[in-house]
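To keep things clear, I will list the structure first and then write my remarks on it.
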Amino acid sequence: MSPERVKLSRDMIASDFVKMVNEISGQNVMNCYQCGRCSSGCPLTFAMKLLPSELIRLVQLGLEKEALETNTPWVCASCLTCHSRCPRGVDLAKVMEALRKIMLRPGISNRVELKDIPKETLAKLPQQGIVSGLRKLSG
Ligand code: SF4
Ligand code: SF4
């Protein structure tokens with residue numbers, strides 16, 4: 001994210017975006033108090049543009065555009081390490097899933113189309129991998 005100053009408002013924090021993430025994920029992102037334990041245990045931070053704790057902070061602040069343009073939810077493997085380490089019981093994997101769902105809703109294209117995967121590649125992939133990958137990456 002750019003280092004520009006962000007002007008926060010009560011409306012941003014109580015925005016439809018924050019409510020939607022909470023509703024889809026079944027979590028309350030406001031429970032996070034930014035201890036960073038999720039990020040220090042996540043095995044995939046090397047590939048993430050924003051740490052899991054940074055991303056949940058953006059969501060708390062209602063910064064929808066910034067939260068949705070990072071690759072973090074797509075890199076997350078739903079391994080639940082963060083959830084097991086969170087002292088506030090936040091299931092970040094569910095928050096990541098909610099963000100993916102919001103991005104895959106109409107008007108935002110799928111990350112992967114089955115028809116675009118070459119037949120030779122499909123033949124080599126395990127079926128479970130294909131199904132779980134498509135569930136994660138398409139609406
Ligand atoms: S569930 Fe996702 S964010 Fe949490 S530790 Fe695993 S890969 Fe990282
Ligand atoms: S471990 Fe939980 S409380 Fe700590 S930063 Fe991560 S989500 Fe927030």
Side-chain angles (χ1 to χ4, degrees):
M1 194 173 67
S2 75
E4 293 163 19
R5 285 182 180 222
V6 174
K7 193 171 176 195
L8 292 174
S9 68
R10 198 179 288 266
D11 286 347
M12 283 166 72
I13 293 168
S15 68
D16 287 345
F17 172 62
V18 179
K19 288 182 198 146
M20 191 161 45
V21 173
N22 283 342
E23 192 177 321
I24 297 172
S25 67
Q27 304 299 298
N28 181 355
V29 295
M30 295 306 176
N31 283 341
C32 167
Y33 60 12
Q34 287 290 294
C35 69
R37 283 178 58 85
C38 50
S39 298
S40 60
C42 175
L44 291 172
T45 52
F46 68 90
M48 293 174 173
K49 289 186 182 156
L50 283 179
L51 297 173
S53 52
E54 291 174 326
L55 178 55
I56 195 167
R57 190 62 168 160
L58 293 184
V59 176
Q60 287 177 323
L61 297 176
L63 294 169
E64 178 173 356
K65 181 175 164 292
E66 290 80 356
L68 295 183
E69 68 187 17
T70 184
N71 72 345
T72 303
W74 302 106
V75 173
C76 169
S78 303
C79 70
L80 300 179
T81 303
C82 48
H83 184 31
S84 71
R85 293 168 62 88
C86 178
R88 300 286 289 157
V90 179
D91 188 338
L92 258 179
K94 286 188 176 164
V95 173
M96 301 287 182
E97 173 71 9
L99 293 170
R100 290 196 296 267
K101 279 192 185 344
I102 290 168
M103 285 186 268
L104 290 169
R105 280 183 172 175
I108 304 174
S109 51
N110 290 339
R111 305 282 285 198
V112 164
E113 299 285 355
L114 186 58
K115 65 179 171 49
D116 295 336
I117 304 175
K119 280 186 181 158
E120 313 77 61
T121 306
L122 279 177
K124 287 182 198 158
L125 292 173
Q127 287 185 351
Q128 252 184 336
I130 296 170
V131 172
S132 61
L134 286 172
R135 278 195 185 139
K136 177 178 174 180
L137 300 168
S138 60

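What's counted below: heavy atoms across the whole structure, side chains too, no hydrogens, waters or symmetry copies. Order of appearance sets the numbers: ligands from 1, and atoms from 1 within every ligand. If you read the sequence from its start, that first residue is 1, and numbering goes on from there.
Close contacts between ligand 1 and Pro52 involve ligand atoms 3 (S) [criterion: under 4.0 Å to a heavy atom]. Residue Ser78 approaches ligand 1 through these ligand atoms, each under 4.0 Å from one of its heavy atoms: 1 (S), 2 (Fe). Numbered from 1 in the order shown, with element, the atoms of ligand 1 that lie under 4.0 Å from a heavy atom of Leu80 read 1 (S), 6 (Fe). Using a 4.0 Å cut-off to heavy atoms of Thr81, the atoms of ligand 1 that qualify are 5 (S).
A donor-acceptor pair is defined here as one N or O able to donate and one able to accept, closer than 3.5 Å; such a pair exists between the side chain of Lys136 and the backbone of Cys76.
Taking atom 6 (Fe) of ligand 1 as the reference point, the nearest protein heavy-atom neighbour is Cys79 SG, 2.3 Å. Looking at atom 4 (Fe) of ligand 1, its nearest protein heavy atom turns out to be Cys82 SG, 2.3 Å. Distance from atom 7 (S) of ligand 1 to its nearest protein heavy atom, with residue and atom name: Ala77 N, 3.4 Å. Looking only at protein heavy atoms, the nearest one to atom 2 (Fe) of ligand 1 is Cys76 SG, 2.4 Å.
Contact annotation: the side chain of Val18 approaches that of Met30 to within less than 4.5 Å [non-hydrogen atoms, C-beta and beyond]. Contact annotation: the side chain of Val95 never approaches that of Leu55 to less than 4.5 Å [non-hydrogen atoms, C-beta and beyond].
A salt bridge links Glu97 with Lys101: at least one charged nitrogen is closer than 4.0 Å to a carboxylate oxygen.
In plain terms, the two heavy atoms of Gln60 and Gln34 that are nearest each other are OE1-NE2, 4.4 Å.
Distances from atom 8 (Fe) of ligand 1 show that Cys38 has no N/O/S atom below 2.8 Å. Atom 4 (Fe) of ligand 1 lies at 2.8 Å or more from every N, O or S atom belonging to Cys42.
Heavy atoms of Gln34 approach ligand 2 to within less than 4.0 angstrom.
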